[in-house]
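Below is one structure, written out as structure tokens, with a few remarks after it.
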Amino acid sequence: MAVENKWIDTAVEAGKKGNPGNVMPGQIFGFACTFEVAAADDDGSIYKLAKVGANMIPLDIKINCDVITGSSVWDLGFYKENGVEADKDILMSNADLSGGKALGSEQNGLASLGVDNIGKKVYELLGLTDATRSEDSYVLALTADTVGSAAGTVSVRGLFIQG
């Protein structure tokens with residue numbers, strides 16, 4: 001086995017400019033929001049949380065909520081600004097929020113993000129290249145596939161690195 005002493009970013013190793021979000025402290029974009037789910041909300045409801053730049057890198061997303069009876073299938077992902085789905089469950093798929101999520105017991109909003117996707121920009125997560133992406137930003141949204149039968153409060157905190 002060889003002892004390695006190299007940059008993990010191949011561009012930097014080659015003496016080129018690397019993604020600042022991967023190799024040095026980057027500018028952080030953060031948001032915190034709270035909203036109400038009504039008992040009358042239907043399955044498939046979309047709750048838009050924040051506008052996220054296509055070059056941003058997801059770092060941490062935490063979801064807290066009240067007990068919301070029957071609220072058993074939630075997704076977190078991206079929509080285009082025109083409302084068309086980009087990938088509604090790329091970050092979190094089929095999370096059960098029915099039992100509530102207290103502070104300290106948050107739902108991980110990046111639960112479906114594979115370890116090999118850590119450090120990727122939003123457009124890269126969506127399977128695009130910089131040349132093929134048409135959006136400058138995307139709407140980060142929670143989609144309640146099974147919203148439940150009770151009202152409740154949902155709070156979301158998120159951090160992204162400007163890549």
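Under a hydrophobic-cluster definition in which Ile, Leu, Val, Met, Phe, Trp and Tyr are linked whenever side-chain heavy atoms come within less than 4.5 Å, directly or via other members, Phe29 and Ile161 are assigned to different clusters. The cluster map of Ile, Leu, Val, Met, Phe, Trp and Tyr, joined by side-chain heavy atoms under 4.5 Å apart, puts Tyr47 and Leu76 in the same cluster. Using a 4.5 Å cut-off between side-chain heavy atoms of Ile, Leu, Val, Met, Phe, Trp and Tyr, with links allowed through other members, Met92 and Leu97 fall into the same hydrophobic cluster. Hydrophobic clustering, with ILVMFWY side chains joined whenever heavy atoms are under 4.5 angstrom apart, keeps Ile46 apart from Trp74. Under the 4.5 Å side-chain contact rule for hydrophobic residues, Val73 and Ile61 do not share a cluster.
With contacts defined as side-chain heavy-atom distances shorter than 4.5 Å, the pair Leu142/Val154 qualifies. Within the 4.5 Å cutoff, side-chain heavy atoms of Ile90 are placed close to those of Leu126. Side-chain contact between Thr129 and Glu124: absent, with no pair of heavy atoms (C-beta onward) separated by less than 4.5 Å.
In terms of modelled atom types and a separation under 3.5 Å, the side chain of Thr143 and the main chain of Lys88 share no donor-acceptor contact. Of the possible polar contacts, one joining the Ser112 side chain to the Ser93 backbone as a donor-acceptor pair under 3.5 Å is found. The backbone N or O of Gly104 lies less than 3.5 Å from a partner atom in the side chain of Glu106, making a donor-acceptor pair.
What you find for Ser98 and Gly70 is that their closest heavy atoms are CB-N, 4.0 Å.
Using a cutoff of 4.0 Å between basic side-chain nitrogens and carboxylate oxygens, Lys80 and Glu85 are not scored as salt-bridged.
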Exercise for review: Carefully, step by step, assess Tyr79 and Asp87 under the rule side chain to side chain donor-acceptor pair (under 3.5 Å).
Suggested key: CA-CA 7 Å; Tyr79 289 81; Asp87 192 329; over 6 Å; no

